[in-house]
2 protein chains.
Amino acid sequence: MTYTHAMETRNTLKIDTDQDIASQLRKVGITPTQQRVQIAEILFARPQHMSADQVLALVNRDGPTASKATIYNTLGLFARKGLVREVIVDPSKVFYDSNTTIHHHFFNVDTGELTDIPADDLILNNMPELPPGTESAGIDVIFRIRSRDARH
Amino acid sequence: MTYTHAMETRNTLKIDTDQDIASQLRKVGITPTQQRVQIAEILFARPQHMSADQVLALVNRDGPTASKATIYNTLGLFARKGLVREVIVDPSKVFYDSNTTIHHHFFNVDTGELTDIPADDLILNNMPELPPGTESAGIDVIFRIRSRDARH
DNA sequence: CAAATTTCTAGACTTGGTCGAAACTGATGA
DNA sequence: TCATCAGTTTCGACCAAGTCTAGAAATTTG
């Protein structure tokens, strides 16, 4: 027998989904390993912003399948390949956003909650010229909000 | 003799400036200690964004005058009192901006350089409604840029 | 099966915060 | 002006979390 225990207990539905994801990864030049597929599955299953910590916890919920190092390596790889967008709103944590279309964010500084703003709700006019010798690497617009009942 | 060595070697020009700063601090309800005055002096002397690390290095350039803990406490205090603005663009570091007027930023992801964009260069239209029960705590607009010659 | 790539474990590093003890501040009274 | 004293601030040495590294082991591809 050449299959691993993890494969043995995997149901057919899951295999289909995983193979889907695997081919998506191959398309952008990423070798689809078991860990990468699982991480991608978690990131793209829900329309939610997740930290490395949260991904780690979900991946290993039913027994350990990926190490901390792999999570960080993989999230960084996905970001470089454009599969996810890094959102930097909290100095102590990077969020990974599986929505790579143009959009902006609310960040609740009391709760740490991060939510999307559809791009067409906000219009930027009179954009500044970039400094000479530079090119754009993205625009972040963050509305920091506070829960109104919170002590200031 | 009641004066300290630090006072002894201070020139009159500096005393005037320091007393200026001290009264500014008092105005916003901050007790002007020697360390706080020095930190304020460094922050407001140059139109530049500085990290806690950089402030620490400058404060102690000519002999130790403030500890790491004091730098962090003081920068946090200044931010809470509205004397400086925290700028979060790099997950590993907070920048402190002595310019508290409304304005935005270029952040060069290659060099780590942070520069200002005057507010009126950019106009935000069709602003989204805040989620119910929340109030604004500021809007951050960051143009991430790359040096054009850098390997991507 | 062999070569190349990926993952793992363990630990290091940085930023930022905590704690009790020591030092300073500024108000008061002589 | 000077000493005193309560309250505040600072210090120094740790601690915690997030992230990254290195080399060895495992997996994937062909």
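Keep in mind the model is a prediction, meaning the values are calculated, not measured. Here is how names work: the chains are called A, B, and so on, in the same order as the sequence lines, proteins then strands, and each is numbered from 1.
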Exercise. What is the nucleic acid contact for A:Ser67, judged by heavy atoms within less than 4.0 Å: base, sugar-phosphate only, or nothing?
Worked result: base

For this session: For D:dT8, take OP1 and OP2 only and decide whether either is under 4.0 Å from a side-chain N or O of B:Thr33.
Result: no

Exercise. Only one of A:Leu56, A:Val59, A:Ile21, A:Thr65 clears side-chain contact (heavy atoms from CB on, under 4.5 Å) with A:Ile39; which?
Worked result: A:Val59

For this session: Return the value, rounded to whole Å, for the distance between atom CG of A:Leu77 and atom P of D:dC20.
Result: 13 Å

Problem set entry | A:Ala69, nearest nucleotide to its side chain (from C:dC8, C:dT7, D:dT10) | C:dC8

Exercise. OP1 or OP2 of C:dC8 less than 4.0 angstrom from a side-chain nitrogen or oxygen of A:Thr70, does that happen here?
Worked result: yes

Exercise. Taking only side-chain nitrogens and oxygens of B:Tyr72, does any of them come within less than 4.0 Å of OP1 or OP2 of C:dG16?
Worked result: yes

Exercise. Can you check the A:Gln34 CD to C:dC8 P distance for me, whole Å?
Worked result: 10 Å

For this session: Rounded to the nearest angstrom, tell me the gap between atom CG in A:Asp90 and atom P in C:dT15.
Result: 16 Å

Exercise. Taking the inter-plane angle between the rings of A:His105 and A:His49 on a 0 to 90° scale, is it parallel (under 30°), tilted (30 to 60°) or perpendicular (over 60°)?
Worked result: perpendicular

For this session: Answer yes or no: is there a donor N or O on one side and an acceptor on the other, between the side chain of A:Asn108 and the main chain of A:Asp110, under 3.5 Å?
Result: yes

For this session: Could you tell me the separation between the CG atom of B:Asn60 and the P atom of D:dG12, rounded to a whole number of Å?
Result: 10 Å

Exercise. Between B:Arg36 and B:Thr31, is there a donor-acceptor pair closer than 3.5 Å when you use the side chain of the first and the backbone of the second?
Worked result: yes

For this session: Consider only side-chain N and O atoms of B:Ser51 and B:Asp53, and report whether a donor and an acceptor are under 3.5 Å apart.
Result: no

For this session: Send over the distance from B:Lys93 NZ to C:dG17 C1', rounded to a whole Å.
Result: 18 Å

Exercise. Given atom CG of A:Asp53 and atom P of D:dC20, what is their separation to the nearest angstrom?
Worked result: 13 Å

Seminar exercise, completed: On DNA chain D, more 5' by nearest nucleotide between B:Gln35 and A:Val94 is B:Gln35

Problem set entry | Donor-acceptor pair present, A:Lys68 side chain and D:dT19 base, under 3.5 Å | yes

Seminar exercise, completed: Heavy-atom nearest nucleotide on DNA chain C taken for B:Ser51 and for B:Arg26; more 5' hit belongs to B:Ser51

For this session: Please state how far atom CD in A:Gln54 lies from atom C1' in D:dG18, giving the value in whole angstrom units.
Result: 13 Å

Exercise. Between D:dG18 and B:Ser92, is there an OP1 or OP2 to side-chain N/O distance shorter than 4.0 Å?
Worked result: no

Problem set entry | Nearest-nucleotide 5' precedence on DNA chain C, A:Asn73 against B:Pro32 | A:Asn73

Exercise. CD1 of A:Ile88 versus P of C:dT15: gap in Å, rounded?
Worked result: 16 Å

